[in-house]
Amino acid sequence: MATRAKNIFFCAECGYESPKWLGQCPGCRAWNSFAEEPVQKKAPAGGFVSAGKRAVPQRLSEVTQTAQERIGSGIGEFDRVLGGGIVPGSLVLVGGDPGIGKSTLLLQMSSILSEAGHVVLYISGEESPQQIKLRADRLDKPSGKLLLLAETNLDAVEAVIEQQKPEIVIIDSIQTMFREDIQASPGSVSQVRETTGSLLRVAKGQGITIFIVGHVTKEGVVAGPRVLEHMVDTVLYFEGENAASYRILRAVKNRFGSTNEIGVFEMCQNGLAEILNPSEYLLEGRPENEPGSVVAAMMEGSRTMLVEVQALVCQTNFNMPRRTAAGMDYNRVNLLLAVLEKRLGIQLAFCDAYINVAGGMRISEPALDLAVVFAILSSYKNKAVPEHTIVFGEVGLTGEVRAVSMAAGRVAEAAKLGYAQCILPYANLEGMKKNRKEFGGISLVGVKNVRDLFGLLER
Ligand code: TYD
Ligand code: MG
């Protein structure tokens with residue numbers, strides 16, 4: 001195919017192409033993210049390896065299913081997010097802010113796997129082998145068998161893969177890799193896309209699992225991981241608050257498993273440690289018997305997490321009362337305050353309200369509503385909520401408490417951690433009466449509306 005060189009503008013956030021510069025990207029609405037790059041239009045990158053002219057279609061019934069043998073990564077939380085282990089021949093993108101721990105996680109995994117006898121090749125375009133060794137020395141069980149390569153030229157990388165025949169390859173990071181035949185500089189949209197395209201062909205053609213590290217970028221200097229999200233099989237994001245030491249690994253896309261799962265880690269002196277029971281971790285140091293503190297049972301994928309919600313309601317010194325929400329939606333807090341004011345007739349318009357989900361978690365599940373409402377009422381009345389109690393439920397605009405999904409799982413988690421009482425939507429209570437025995441001695445209190453909840457505080 002004839003190649004023609006010309007310049008195109010790309011959005012560095014999402015890869016949107018445009019013949020001219022644009023202030024705002026029509027694709028992802030990012031501002032000032034366009035950069036000019038030379039491109040050579042060739043066969044599109046990505047896609048499955050083609051068999052050329054002799055391609056023949058198959059009947060679905062004739063396709064033989066080869067059982068997907070997954071490789072355990074040696075890190076349980078990581079396997080959970082991947083959907084039960086590493087799928088051979090898959091392309092996995094691990095995205096996240098710089099410094100969050102992507103290299104640490106992948107080095108830890110590579111170390112464990114190479115010690116278990118797998119051939120793992122770790123390619124770093126950012127650090128020298130000495131630096132990687134330094135980092136590996138901090139880890140619990142460094143492995144001497146891991147193959148290291150400091151290289152940014154993808155053609156050289158492909159030659160090494162050809163020669164060493166590894167089972168697993170780590171590319172740290174995609175923004176440092178380049179192909180010589182692409183004129184744009186490393187980190188540009190065309191380089192990131194083309195190098196990923198080449199890696200995709202290596203992964204699918206040779207059955208090698210490739211993990212690609214992608215930095216989330218500020219202000220479009222280099223292309224972010226979103227540019228290549230559609231090309232890879234699995235997209236994982238590693239996130240966490242800077243101040244908190246725990247990190248959450250979340251699947252955003254997964255062709256081999258659920259996208260609801262999360263893995264929880266803590267960054268320690270010797271690498272990332274798995275947190276097997278996040279509820280205990282998040283509730284550590286919770287004040288007992290203090291007004292305004294409530295424990296809520298939330299779902300993250302298939303696992304229940306108990307988190308503490310705090311509210312501080314006090315008389316305002318401003319014309320406009322102040323409201324803040326950390327860890328949940330600000331507008332939702334305003335809505336819940338309005339519901340309480342209207343349905344219970346309490347004068348929150350003259351009160352400041354500060355809501356905080358402790359531990360730095362961010363929660364978007366509506367089942368948090370009832371706990372927020374309870375925390376607000378508790379702080380407003382200056383009365384602690386009943387001891388050893390957990391709360392969950394969605395609150396509607398008329399003050400009604402609506403049923404939420406997976407109520408039994410939430411109650412079971414609370415029972416496991418020794419809670420004595422659970423306040424839940426009345427509608428959920430009906431459905432749970434049958435299998436009550438499963439929850440041990442925990443007492444279940446169903447509420448139909450916010451008035452019922454207020455009544456519980458009066459007792
Ligand atoms: P890193 O894996 O380099 O982040 P990324 O590859 O996502 O940019 O993580 C770097 C941070 O982690 C750094 O601030 C140091 C910290 N760290 C620890 O606290 N303990 C450790 O054992 C290691 C290896 C790193
Ligand atoms: Mg790194």
Side-chain angles (χ1 to χ4, degrees), residues 73-78 81-82 92-115 120-144 146-152 154 157 168-178 186-187 191-192 195-196 199 210-219 221-229 232 234-252 262-275 281 359-360:
S73 71
I75 305 174
E77 294 287 289
F78 195 39
V81 181
L82 286 171
V92 182
L93 172 68
V94 180
D97 290 326
I100 200 81
K102 302 180 292 297
S103 306
T104 308
L105 178 69
L106 290 173
L107 186 66
Q108 238 167 302
M109 179 199 76
S110 315
S111 218
I112 296 171
L113 284 175
S114 54
E115 201 58 21
V120 187
L121 176 62
Y122 190 105
I123 295 158
S124 179
E126 301 189 339
E127 291 158 313
S128 64
Q130 288 76 18
Q131 279 172 304
I132 300 171
K133 170 101 173 109
L134 225 86
R135 184 202 302 271
D137 286 344
R138 292 180 69 173
L139 304 181
D140 242 353
K141 310 183 227 39
S143 167
L146 179 62
L147 294 171
L148 292 181
L149 175 70
E151 181 58 72
T152 54
L154 201 75
V157 168
I168 291 156
V169 175
I170 321 286
I171 304 282
D172 188 2
S173 65
I174 193 68
Q175 280 110 347
T176 56
M177 296 294 149
F178 72 96
Q191 280 291 7
V192 166
T195 45
T196 309
L199 290 170
I210 304 186
F211 288 87
I212 297 176
V213 172
H215 292 297
V216 171
T217 57
K218 304 271 177 295
E219 294 307 314
V221 190
V222 287
R226 284 187 55 195
V227 172
L228 39 101
E229 272 182 1
V232 300
T234 303
V235 179
L236 309 179
Y237 276 101
F238 209 24
E239 48 196 53
E241 293 288 317
N242 278 342
S245 59
Y246 76 85
R247 306 272 184 269
I248 290 179
L249 188 68
R250 205 181 282 278
V252 185
I262 65 164
V264 188
F265 296 91
E266 185 181 11
M267 184 58 102
C268 308
Q269 277 309 311
N270 49 0
L272 288 156
E274 300 174 60
I275 299 180
Y281 184 75

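Ligands are counted one by one from 1 in listed order, and the atoms in each one are counted from 1 as well. For the numbers below, each heavy atom of this structure counts, side chains included, while hydrogens, waters and symmetry mates do not.
Remark: ligand 1 atoms within the under-4.0 Å shell around heavy atoms of Cys268 are 18 (C), 19 (O), 20 (N), 21 (C), 22 (O). Contact atoms of ligand 1 toward Gln269: 20 (N), 21 (C), 22 (O) (distance under 4.0 Å to a heavy atom of the residue). Near Gly101, the atoms of ligand 1 lying under 4.0 angstrom from a non-hydrogen atom of the residue are 1 (P), 2 (O), 4 (O), 5 (P), 7 (O), 9 (O). Applying the 4.0 Å criterion to heavy atoms of Gly271 picks out, from ligand 1, the atoms 21 (C), 22 (O). Counting the atoms of ligand 1 from 1 in the order shown, those under 4.0 Å from a heavy atom of Pro98 are 8 (O). When each atom of ligand 1 is checked for a heavy atom of Asn270 under 4.0 Å away, the hits are 22 (O).
In Ser103, the parts holding a heavy atom less than 4.0 Å from any atom of ligand 1 are both the side chain and the backbone. Residue contacts with ligand 1, taken as heavy atom pairs separated by less than 4.0 Å, involve Arg138 solely via side-chain atoms from C-beta onward.
One N or O on the side chain of Glu274 and one on the backbone of Gly76 form a donor-acceptor pair closer than 3.5 Å. Of the possible polar contacts, none joining the Glu239 side chain to the Ile248 backbone as a donor-acceptor pair under 3.5 Å is found. Side-chain atoms of Lys102 never come within 3.5 Å of backbone atoms of Gly214 as a donor-acceptor pair (strictly under, hydrogens ignored).
Nearest non-hydrogen protein atom to atom 2 (O) of ligand 1 is Thr104 OG1, 2.6 Å. Looking only at heavy atoms of the protein, atom 3 (O) of ligand 1 is closest to Arg135 NH1, 2.9 Å. Looking only at protein heavy atoms, the nearest one to atom 10 (C) of ligand 1 is Gly99 O, 3.8 Å.
Annotation for Met267 and Ile100: closest pair CE-O, 4.1 Å, computed over non-hydrogen atoms.
In summary, the side chains of Asp172 and Ser124 do not present any donor paired with an acceptor at a separation below 3.5 Å, with no hydrogens or angles considered.
At least one protein heavy atom sits closer than 4.0 Å to atom 18 (C) of ligand 1.
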Evaluate the side chain to side chain contact (heavy atoms under 4.5 Å, CB included) criterion for residues Leu121 and Leu147: first the C-alpha distance (whole Å), next the side-chain angles of each, then the deciding distance (0.1 Å), finally the verdict. CA-CA 5 Å; Leu121 176 62; Leu147 294 171; 3.8 Å; yes
Hey, mind stepping through Thr196 and Ile212 against side chain to side chain contact (heavy atoms under 4.5 Å, CB included) and telling me if it holds? CA-CA 8 Å; Thr196 309; Ile212 297 176; 4.0 Å; yes
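Any N or O atom pair closer than 3.5 Å counts here, and Met267 shares no such pair with ligand 1. Between Leu139 and ligand 1, not a single N/O pair is under 3.5 Å apart.
Counting heavy atoms from C-beta on, the side chains of Leu105 and Phe265 come closer than 4.5 Å. Side-chain contact between Arg138 and Gln269: present, with at least one pair of heavy atoms (C-beta onward) separated by less than 4.5 Å.
The distance from the CZ atom of Phe211 to the CD1 atom of Ile168 is 6.5 Å, given to the nearest 0.5 Å.
Put simply, Thr104 stays out of reach of the Mg ion (ligand 2), with no N, O or S atom under 2.8 Å from it.
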